[in-house]
Colleague: 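Sharing a structure here in structure tokens format.
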Amino acid sequence: GAVVSQHPSRVICKSGTSVKIECRSLDFQATTMFWYRQFPKQSLMLMATSNEGSKATYEQGVEKDKFLINHASLTLSTLTVTSAHPEDSSFYICSARDYRSYNEQFFGPGTRLTVL
Amino acid sequence: AQTVTQSQPEMSVQEAETVTLSCTYDTSESDYYLFWYKQPPSRQMILVIRQEAYKQQNATENRFSVNFQKAAKSFSLKISDSQLGDAAMYFCAYKREYGNKLVFGAGTILRVKS
């Protein structure tokens, strides 16, 4: 099956610093990748959709200057949380859509971000 | 806009018994896809089952089956012969046929008692 990896799995940073999270499709090309945020015992909230080679589309209420998304290749998308603050602490999950499988998204294992 | 509702925040089932998780959705589209995802404590999202709206036959994957009622916009998940490993958060999700986004319900925590 299609595999999506995320790195790092967990990160702790100081308030005011920036953190980059990588999402990779390991055995398929992902024309579209998605970034979600999840609070404990809550549902996934879509933050943005990124298409390879173009700017990401952000959901309403998501600050694009705060959460920078880059999808430079068909196998890699990155989410950078800039000037992180404690309220940015959360679980971030990426997913990727295989261009051959239009209807299914494959999820990464998630990244737990803690901002002190 | 499409919405997905899971009205059961938590459910419990005895090992080896059967449990049904409820999901309703709202859409004006006629063609779409519905999914059930499992999120165990590891937080890895796992696709359990998928249903295409144009198919009348309910999808089945081993111990997991759905009851898809298109007119009622209902999509429940039945887990038979429940196992301890089934304990997880379960999410119902909707996707338009040619859309990008998954719309998730709030989730149901399933506890399996031994």
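Here is how names work: the chains are called A, B, and so on, in the same order as the sequence lines, proteins then strands, and each is numbered from 1.
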Colleague: Is the shortest side-chain heavy-atom distance between B:Arg43 and A:Ile93 below 4.5 Å?
Modeller: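 Not in contact.
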Colleague: What residue pairs, at least two apart or across chains, pass disulfide bond (SG atoms under 2.5 Å apart) with a residue in residues 29-58 of chain B?
Modeller: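 As it turns out, there is no disulfide bond (SG atoms under 2.5 Å apart) pair with a partner in residues 29-58 of chain B once direct neighbours are skipped.
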Colleague: Please classify the contact of A:Leu44 with chain B as side chain, backbone, both or neither, using a heavy-atom distance under 4.5 Å.
Modeller: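 Both parts, backbone and side chain.
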Colleague: Please check if B:Val103 and B:Phe35 belong to a single hydrophobic cluster, counting links between Ile, Leu, Val, Met, Phe, Trp and Tyr side chain heavy atoms closer than 4.5 Å.
Modeller: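 No, no single cluster joins them.
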Colleague: Taking side chain as everything from C-beta outward and backbone as N, CA, C, O, which of these in B:Met45 sits under 4.5 Å from a heavy atom of chain A? Side chain, backbone, both or neither.
Modeller: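 Both parts, backbone and side chain.
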Colleague: Using a cut-off of under 4.5 Å on heavy-atom pairs, state which of A:Gln105, A:Gln42, A:Arg112 scores highest against chain B.
Modeller: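 So the answer, after comparing A:Gln105, A:Gln42, A:Arg112, is A:Gln105.
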Colleague: Using the rule that two of Ile, Leu, Val, Met, Phe, Trp, Tyr join whenever any of their side-chain heavy atoms come within less than 4.5 Å, decide whether A:Phe106 and B:Tyr37 are in one cluster.
Modeller: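 Each belongs to a different hydrophobic cluster.
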Colleague: With a sphere of 6.0 Å drawn around CD of A:Glu87, does it hold more than 12 non-hydrogen atoms of other residues, nucleotides or ligands?
Modeller: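 More than 12 heavy atoms, drawn from other residues, nucleotides or ligands, come within 6.0 Å of this atom.
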Colleague: At a heavy-atom separation under 4.5 Å, does B:Ile109 approach chain A through its side chain, its backbone, both, or neither?
Modeller: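 Side chain only.
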Colleague: Go through A:Met45, A:Gln6, A:Glu59 and name the one with the most non-hydrogen pairs under 4.5 angstrom from chain B.
Modeller: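 With the most close heavy-atom pairs to chain B, the winner is A:Glu59.
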Colleague: Is B:Val66 reachable from B:Leu110 through a run of I, L, V, M, F, W or Y residues, each pair having side-chain heavy atoms under 4.5 Å apart?
Modeller: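 Same cluster: B:Leu110 reaches B:Val66 through Ile, Leu, Val, Met, Phe, Trp or Tyr contacts under 4.5 Å.
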Colleague: In terms of hydrophobic clusters joined by side-chain contacts under 4.5 Å, are B:Phe104 and B:Phe75 together?
Modeller: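 B:Phe104 and B:Phe75: separate clusters.
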Colleague: Nearest 0.5 angstrom please: A:Tyr36 OH to B:Leu102 CG, how far?
Modeller: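 CG of B:Leu102 is found 4.5 Å from OH of A:Tyr36.
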Colleague: Is B:Phe68 linked to B:Val48 within one hydrophobic cluster, defined over Ile, Leu, Val, Met, Phe, Trp and Tyr using a side-chain heavy-atom separation of less than 4.5 Å?
Modeller: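 Shared cluster, yes.
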Colleague: Heavy-atom count check: over 12 atoms from other residues, nucleotides or ligands less than 6.0 Å from B:Lys70 NZ?
Modeller: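 More than 12 heavy atoms, drawn from other residues, nucleotides or ligands, come within 6.0 Å of this atom.
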Colleague: More than 12 heavy atoms of other residues, nucleotides or ligands under 6.0 Å from NZ of B:Lys101: is that the case?
Modeller: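 Count not over threshold, so no.
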Colleague: Is it true that atom NZ of A:Lys66 has more than 12 heavy atoms of other residues, nucleotides or ligands lying nearer than 6.0 Å?
Modeller: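 Count over threshold, so yes.
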Colleague: For A:Ser43 and B:Phe91, which heavy atoms make the closest approach, and how far apart are they?
Modeller: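 So the two residues come closest at CA-CE2, 3.5 Å.
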Colleague: Sort B:Ile46 into side chain, backbone, both or neither according to what part of it lies under 4.5 angstrom from a heavy atom of chain A.
Modeller: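 Neither the backbone nor the side chain of B:Ile46 comes within 4.5 Å of chain A.
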Colleague: With a 4.5 angstrom heavy-atom cut-off, is it the side chain or the backbone of B:Glu52 that approaches chain A, or both, or neither?
Modeller: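 Neither the backbone nor the side chain of B:Glu52 comes within 4.5 Å of chain A.
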Colleague: Would you give the length of the straight line joining atom OG1 of A:Thr57 to atom CG of B:Asn100, rounded to the nearest 0.5 angstrom?
Modeller: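 So the OG1 of A:Thr57 and the CG of B:Asn100 are separated by 8.5 Å.
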Colleague: Do any of residues 23-33 of chain B have a heavy atom less than 4.5 Å from a heavy atom of chain A, and if so, which, in residue order?
Modeller: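 B:Tyr33 fall under the 4.5 Å cut-off.
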